[in-house]
2 protein chains.
Amino acid sequence: MTNRSRKTIKDVAAAAGVSIGTASRALNRRGRVSEATVIRVTNAAKKLGYQPDAIAQSLRLKSTMVIGMLVTDLSNPFFAGVIRAAEKRLQQAGYALLVGNTDNESEREGALIDLFRRRRVDGLIMGPCAAENVPLLEDLDQNDVPIVGYDRDVGSDQSGLHVDHRRAAYEATRHLLNLGHERIALLSSSSKLSPGRERIAGYTEALAERGFEPRDDLIRAHKSSMDFVASEALSLMSLRPAPTAFLTLGTRMLAGTLQGLRQNGLRIPQDVSVLTVGDTDLARLHAPSISTVTWDLELVGQMLAELMLRRLDKSEDGAPQRIIIPTQLIERESCGSPGA
Amino acid sequence: MTNRSRKTIKDVAAAAGVSIGTASRALNRRGRVSEATVIRVTNAAKKLGYQPDAIAQSLRLKSTMVIGMLVTDLSNPFFAGVIRAAEKRLQQAGYALLVGNTDNESEREGALIDLFRRRRVDGLIMGPCAAENVPLLEDLDQNDVPIVGYDRDVGSDQSGLHVDHRRAAYEATRHLLNLGHERIALLSSSSKLSPGRERIAGYTEALAERGFEPRDDLIRAHKSSMDFVASEALSLMSLRPAPTAFLTLGTRMLAGTLQGLRQNGLRIPQDVSVLTVGDTDLARLHAPSISTVTWDLELVGQMLAELMLRRLDKSEDGAPQRIIIPTQLIERESCGSPGA
DNA sequence: TTGAAAGCGCTAACAA
DNA sequence: TTGTTAGCGCTTTCAA
């Protein structure tokens, strides 16, 4: 029964006493086949444990049923959660997900795009990256491989999903302003990527609405280690007058900030308020818990998959779409009025 | 130059004025080819932007250069970190990584194994799952698809990597015993999976060494939500005599425990000590920081890839191997002596 | 050293 | 309704 070598459609055809063409039609229920042969072929296939070879199918059908996804860091919870949801949705539609880590390096991303192209992925989902690689993407586009951008622009004729980072930072800043804070320190992971830029813009905008100028000495936007962020937080607190609130953008920033404040014996929210953009276990479970402006990772992953499937589905209109994911403020314990 | 359709080796051959056989040999530098034609063909390929079609190569060479990896939850940081490292190492060796989420469901895992088999992955890395799917795995094995188990047994003739969970829990328990704790509550995510079982064994063993019996009322091992864990923690603390220390196995358990203790106004480590197995941001950055017994996720991912590559490399011996990853205790602020 | 041709496993067009 | 055949793009015999 279980034979050493994998069965091909040839084996099935032979076992059912039909030609391979007929076997193929019977298995796929395509074209004219008698019900009797369908049953005979299906049974033979089952008995042999036959599974069609996806590679051969891909070659023939020019579709691999594989979607590639590129992110800077698979292990970043914000990406991991999205990937998980996207994979789930894609799997339902029969697609598999090939993932790649760019480490935020342009060459690595280029190499991966190339690799995915060679592997003939049916579509590509691209997360933010400090890279352009426009020619490669255009090439994919010309070969009818749809691209879906995630917090990233990948061409005007492609679909894109964008978390509303600008508004997230805007709302966060407003929340702090409403509490009476005027000197709000901003710690952002990197202004090079689109989300980082957007957030800084939102922060600036909220400030401007109240007639405040963003102060350069209150904004720190480097990609950096947690220890470095901790010392940044300390250096910010040694300014005179010191900031009364911290707005942290990204997990690492929050972690470093908390560490820095703690080392200095500063209490949250009595001595300083903290608000973070993007929810994490840390924010939820820290004592005190950290207020946050956040969004639904599962929704993001699902919608990314959905955007992709829509472009892939030939029966649909298939026009590129643009989706903005809204954000919500979750108030917890880390924000108070200055000097309260 | 950039033509609408992708170039094939036929185009390259035509452009270089040679046959496709020669073009193939020249591009792969295999067999006898004159240096002159190699150059001519290579140039033609470059000019046309030719990239060999991986699907066609796969069909012909019977190797897809794709490795499948199955875990219960991609977004679990413990898996995400491992996947990231594994992908990195595999990519260096020219392999791509196809990932799948089993959600810890046997059918889903079975479906994914099947899918990967159909896609002819060259190898399969399988994380722990409450599933057996032995026949499917045997089938893969019979088709010379190596399987590498990660915290999971996948057959005696397969490679496996195991974090030493038993020892981790053993060391953790001993650490608490050494501090003078006698009533140590154990919160484990699930005793169904191998890591869970091992950990409970380690806990029991350390206790037995000191002549303590593991008390059933101190052990809670269900898969459960964070809120549920919090109430479990509270119910444990209402025992008389109450436990003086908590050993939490897994992120969710730690998070729930911390929340429960906090709701009850219990201070760490004054009122109760907490030690967790598996390091996370939360453990590192919680106030107070939580001591942990942990291991190197990057090493795990790297070694998984290494095990796989070794089995794939025909030039090597290729015998299945078994690797045990050691764990280390990191003392932080969450453990003290009872009543100190 | 090169070209011609077979064939990987499959589907689809065309004949029968 | 079924069988035969071409061909997806590639590598690798086998002849020349």
Side-chain angles (χ1 to χ4, degrees), chain A residues 3 5-42 44-45 48-66 94 117-122 143-145, chain B residues 3 5-42 44-45 48-66 94 117-122 143-145:
Chain A
N3 209 319
S5 64
R6 80 195 310 143
K7 300 303 179 204
T8 74
I9 199 167
K10 223 165 151 182
D11 301 313
V12 176
V18 296
S19 72
I20 57 170
T22 306
S24 171
R25 266 164 296 172
L27 289 168
N28 299 314
R29 287 203 167 55
R30 211 193 299 281
R32 261 123 263 288
V33 221
S34 73
E35 200 48 40
T37 39
V38 168
I39 293 172
R40 210 139 38 88
V41 171
T42 314
L48 294 172
Y50 168 76
Q51 296 272 104
D53 183 324
I55 299 296
Q57 285 180 318
S58 299
L59 186 61
R60 181 65 232 230
L61 300 174
K62 307 201 154 312
S63 157
T64 55
M65 299 300 279
V66 172
R117 183 174 92 112
R118 285 195 344 96
R119 289 189 192 276
R120 288 221 204 158
V121 294
D122 285 351
N143 284 288
D144 280 329
V145 177
Chain B
N3 210 318
S5 64
R6 80 198 304 143
K7 298 305 178 201
T8 74
I9 199 167
K10 222 165 152 182
D11 301 312
V12 176
V18 296
S19 73
I20 58 170
T22 305
S24 171
R25 267 164 296 175
L27 289 168
N28 299 313
R29 288 203 167 53
R30 211 193 297 284
R32 261 124 260 288
V33 219
S34 73
E35 199 47 40
T37 37
V38 168
I39 292 172
R40 210 137 39 88
V41 170
T42 314
L48 293 171
Y50 167 76
Q51 297 271 103
D53 183 323
I55 298 296
Q57 286 179 318
S58 297
L59 186 61
R60 179 66 230 230
L61 300 175
K62 307 201 154 312
S63 158
T64 54
M65 300 300 279
V66 172
R117 183 175 93 112
R118 285 193 347 94
R119 289 190 193 277
R120 288 223 208 155
V121 294
D122 285 350
N143 284 289
D144 280 329
V145 178

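The chains referred to below are lettered A, B, ... by the order of the sequence lines, with proteins before strands, and numbering in each begins at 1.
Mapped onto DNA chain C by nearest heavy atom, B:K62 and B:S19 fall at different nucleotides, with B:S19 at the one closer to the 5' end. Heavy-atom distances to DNA chain D give each of A:I20 and A:V33 a nearest nucleotide, and the one nearer the 5′ end belongs to A:V33. Each of B:A56 and B:G21 was assigned the nucleotide of DNA chain D with the nearest heavy atom; the assignment lying further toward the 5' end belongs to B:A56.
If you measure from atom CD of B:Q51 to atom P of D:dG9, you get 15 Å, rounded to the nearest angstrom. In this structure, NZ of A:K7 is placed 17 Å from C1' of C:dC8, rounded to the nearest angstrom. When rounded to the nearest whole Å, the span between CZ of A:R60 and C1' of D:dC10 equals 16 Å. Remark: C1' of D:dT11 and OH of B:Y50 are 10 Å apart, rounded to the nearest angstrom. Rounded to whole Å, atom P of C:dC10 lies 17 Å from atom CE of A:M65. To the nearest angstrom, P of D:dT11 lies 18 Å from CZ of B:R32. In this structure, B:R29 places its CZ atom 18 Å from C1' of D:dT12, rounding to the nearest Å. The interatomic distance linking B:K10 (NZ) with D:dC10 (C1') rounds to 12 Å, in whole Å.
Note on B:R30: every side-chain N or O is 4.0 Å or more away from OP1 and OP2 of D:dT11. Residue A:T22 places at least one side-chain N or O closer than 4.0 Å to OP1 or OP2 of D:dG3. Of the side-chain N and O atoms in B:T37, one or more sit less than 4.0 angstrom from OP1 or OP2 of C:dT2. The side chain of B:Q57 contributes an N or O atom lying less than 4.0 Å from OP1 or OP2 of D:dT11.
Within 4.0 Å of B:T8, counting heavy atoms only, lie sugar-phosphate atoms of the nucleic acid but no base atom. The residue B:R120 sits close only to the backbone: its heavy atoms come under 4.0 Å of sugar-phosphate atoms, none of a base. The residue A:S34 sits close only to the backbone: its heavy atoms come under 4.0 Å of sugar-phosphate atoms, none of a base. Across all strands, B:L59 comes closer than 4.0 Å to base atoms (heavy-atom distances).
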side-chain contact (heavy atoms from CB on, under 4.5 Å) assessment of A:R120 paired with B:R6: CA-CA 11 Å; A:R120 288 221 204 158; B:R6 80 198 304 143; 4.0 Å; yes
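With hydrogens and angles left out, the side chain of A:R25 and the base of D:dG3 share a donor-acceptor pair within 3.5 Å.
Counting heavy atoms from C-beta outward, A:Q57 and B:R118 have side chains that approach closer than 4.5 Å. With contacts defined as side-chain heavy-atom distances shorter than 4.5 Å, the pair B:V66/B:R119 does not qualify. With contacts defined as side-chain heavy-atom distances shorter than 4.5 Å, the pair A:V41/A:L27 qualifies. You'll find the side chain of A:V145 stays beyond 4.5 Å of the side chain of A:R117, heavy atoms only.
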